[in-house]
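Structure first, commentary second.
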2 protein chains.
Amino acid sequence: MVTIYDIAKKVGCSSATVSKALNNYPDVNHKTRNRILSFAKEMGYSPNAQAQALTKKKTWNIGVLFEVEATNKTGLTHYFFAQILESFKAYTEEKGYDLTFLSKKAGNDNVSFLQHVRRRHFDGVIIANFDYENEEILELIHSNVPIVVIDYNYDTVSSILSDNYEGLKLLTQYLIDLNHRDIVYIHGQHSYVTDIRINAFVDTLTENGIAATKEQLLEGLYYDKDVTYQKTLEVLQRANRPTAIIFSDDYVAAWGVRAIGKMGLRIPEDVSVAGFDGLEIAEMITPRITTVRQNTELIGIQAAKRLIDIIETKNHSKIDVHVGVELVKGKSCKKHEG
Amino acid sequence: MVTIYDIAKKVGCSSATVSKALNNYPDVNHKTRNRILSFAKEMGYSPNAQAQALTKKKTWNIGVLFEVEATNKTGLTHYFFAQILESFKAYTEEKGYDLTFLSKKAGNDNVSFLQHVRRRHFDGVIIANFDYENEEILELIHSNVPIVVIDYNYDTVSSILSDNYEGLKLLTQYLIDLNHRDIVYIHGQHSYVTDIRINAFVDTLTENGIAATKEQLLEGLYYDKDVTYQKTLEVLQRANRPTAIIFSDDYVAAWGVRAIGKMGLRIPEDVSVAGFDGLEIAEMITPRITTVRQNTELIGIQAAKRLIDIIETKNHSKIDVHVGVELVKGKSCKKHEG
DNA sequence: AATATAATCGAAATCGGTTTCGTAAACAAA
DNA sequence: TTTGTTTACGAAACCGATTTCGATTATATT
């Protein structure tokens, strides 16, 4: 590897001058600078990022914590989070930051997430994780590391969230407008976002003069097809079958559709179905599933912007960004005649 | 941040001794070592990865080049490659390596992929990219950086590949056994893998005494729903409609199914359909699509193993790993009566 | 007791950069 | 001509580790 010392030797100057020339310091003669620059190019010089990080206190590296435990869909293959990460990545890369996954191993030893961050000296960390109350996550959250969180809300950390209340309100109102009264919401496991959605669901029913019953809420698991399949069968076998089912997300909705078919029921003639997230899958299934699209691209960009802002201004203050959602009508809901 | 110098001061020894204690050198007294270790823990010491990388010539960092250009599904959201990356990530992390995406920006300046690698001093690089003949990729390939490539074959670089020949042979033979003679293969853009698959398709037809015609091969684009949709309509409007269509992958097959439905044709009664890759989508679609499952988990693991082996043994010799495939029968193919 | 050997430690060089500060030379102002 | 300013450069300290090698002390051997 070519170093600034190699260049200095060739040019006949000191390493300090080479460094200055490469970093556009004003106190380098024009001719000297040009000689240095052309030699650097000719010799194929690349600055050593580790050495630079040591002196400047900046690694141009962002840690990514995208772990989805408690489900069968992990991190990268999680349709929803993968989209967010994709968009986040595009923005941060454009700004010159590299993305590195946060793991619990570093070389030969086991480390906590925070320790990992301290070792690699990430400039910041982006978190999108289901298990938000995990101790190691909390340790990170309470550290002084620049952090942005997606889909959760901590007291002190900036977060990016879709307008989930609006989302479930739109969906519920849409079904009510289609004359549905007996709507079941198979929601995901409890979390900040889930609670908001449940509130929106119940509020909207209430606002429309419909008394919400306990039977209308069923706890499932986000992105878990098996649990959802069971819960769906359970609901369908009830004496008074609901006329509409809202699933926690599009992925499980797609499997719910299968369960409904298994029972010999038609969608939307016998049961109306809705999902959440706005995954492409919702479009691919027959019938196309009505859903609420979360703007994953914007979520990723906003998260990136906020994080880079924290990093570069050192202003850690909590700023939450809310991203709008959109009702996407498929072919899975129909006016209830009854 | 706590450094070894801080610890040395507290303990009353030199930084050299601290370093040795932390690295299990034999020439440190038992009591001294324990004092150092307990102080290190108490003070919350984390070694500085940059400083370590500078002296040891190892970053414990692997560069990831997962870019899928020329399609609408980019990197992370590419169902197939996301699965591979997920598995690759699990294995490499277990071995202590961190994964960092390779980009074309580093801090404030634009760099080539190779320059990026030189800056960050990645221990190795994993490549899974459609545009394998891209100049910057070739520059990387021809460098001395430890590299493993997925889904392509270079003269000098180790690669991991599914047995694509076997895959398309299984599929074609399956359709022939179902009495299909007029089978159209809407394959992906030309590449190492595509050519193998086409050969397998043609060979299998020939082996069964069926003369392959030009009309049976149509060039589409992997993971591009629009192109596929058009090509599918084109095929269906032919005077002599094929009885079976093999799509380049499950994703486009799912959209092909839609096109077929649009034409008022039934699957599998009017047309049999098959995909490739073994994506979950193939199972979610109605009818379930017959496909060839690529073992993404094994591909990821093998790639990780090979790369780490190159890194740790410094033996760059080209070793190719072939991963078996499996025919997965759905409900999209039916015996042709005619 | 004298010598050989083992155990323990630290000074110093090194990795590849950045940045401060002092200085010499060149130029301008008095 | 003397003084004051720029301009251009480099020595040296520093970032946070690792590692070699020499020195000192303690222990074992004869």
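Computed from heavy atoms alone, side chains included, the values below leave out hydrogens, waters and symmetry copies. Only a predicted model underlies this, so the values are computations on that prediction, with no experimental measurement involved. Throughout, a chain's letter reflects where its sequence line sits, starting with A, and its residues are numbered from 1.
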With ring-ring contact (aromatic ring centres under 6.0 Å, His included) as the criterion, how do Tyr79(B) and Tyr79(A) come out once you've worked through the C-alpha distance, each side chain's angles and the decisive distance to 0.1 Å?
CA-CA 8 Å; Tyr79(B) 303 114; Tyr79(A) 302 115; 5.2 Å; yes

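- Salt bridge Glu42(A)/Lys10(A): absent, no basic N to carboxylate O contact under 4.0 Å.
- Distance CG (Asp6(B)) to C1' (dA17(D)): 13 Å, rounded to an integer number of Å.
- The side-chain heavy atoms of Asp109(B) and Arg119(B), taken from C-beta on, include a pair separated by under 4.5 Å.
- Separating the NE2 atom of His121(B) from the P atom of dG16(C) is a distance of 8 Å, rounded to the nearest angstrom.
- Rounded to a whole Å, the CE atom of Met1(A) is 18 Å from the C1' atom of dT14(C).
- Taking the side chain as every heavy atom from C-beta outward, Phe122(B) and Val145(B) never approach each other to under 4.5 Å.
- For Thr32(B), the side-chain contact (heavy atoms from CB on, under 4.5 Å) criterion is met by Thr17(B), Val28(B), Asn29(B), Ile36(B), not counting sequence neighbours.
- Applying a 4.0 Å cut-off to non-hydrogen atoms, the residues of residues 40-55 of chain B that approach DNA chain C are Leu54(B), Thr55(B), listed by residue number.
- Atom CD1 in Ile36(B) sits roughly 12 Å away from atom P in dT8(C) (whole-Å rounding).
- Remark: the Lys20(A) side chain and the dG10(D) base include a donor-acceptor N/O pair separated by less than 3.5 Å.
- Residues forming a salt bridge (Lys or Arg N to Asp or Glu O under 4.0 Å) with Lys9(B) (at least two apart in sequence, or on another chain): none.
- Look at CD1 on Ile4(B): it is 13 Å from C1' on dT14(C), rounded to the nearest Å.
- Between Trp60(A) and Gln52(A) the shortest side-chain heavy-atom distance does not fall below 4.5 Å.
- Here dC15(C) is the nucleotide among dT18(C), dC15(C), dC9(C) with the atom lying nearest to any side-chain atom of Lys57(B).
- Residue-to-nucleotide proximity on DNA chain C shows that, of Asp27(B) and Ser19(A), the 5′-proximal contact is made by Asp27(B).
- Place Leu22(B) and Ser14(A) on DNA chain D by their nearest nucleotides, and Ser14(A) ends up nearer the 5' end.
- Look at Thr17(B) and you won't find any side-chain N or O under 4.0 angstrom from OP1 or OP2 of dC9(C).
- At whole-Å resolution of the value, CZ in Arg119(B) and P in dG16(C) are 16 Å apart.
- Look at NZ on Lys58(A): it is 20 Å from C1' on dG16(D), rounded to the nearest Å.
- Here Val18(A) lies out of heavy-atom contact (under 4.0 Å) with every strand.
- Proximity of Ser15(B) to the phosphate of dT18(D): no side-chain N or O atom is located under 4.0 Å from OP1 or OP2.
- Both Tyr5(A) and Asn29(A) lie close to DNA chain D; mapped to their nearest nucleotides by heavy-atom distance, the more 5′-ward contact belongs to Asn29(A).
- In this structure, Lys9(B) places its NZ atom 14 Å from P of dA17(D), rounding to the nearest Å.
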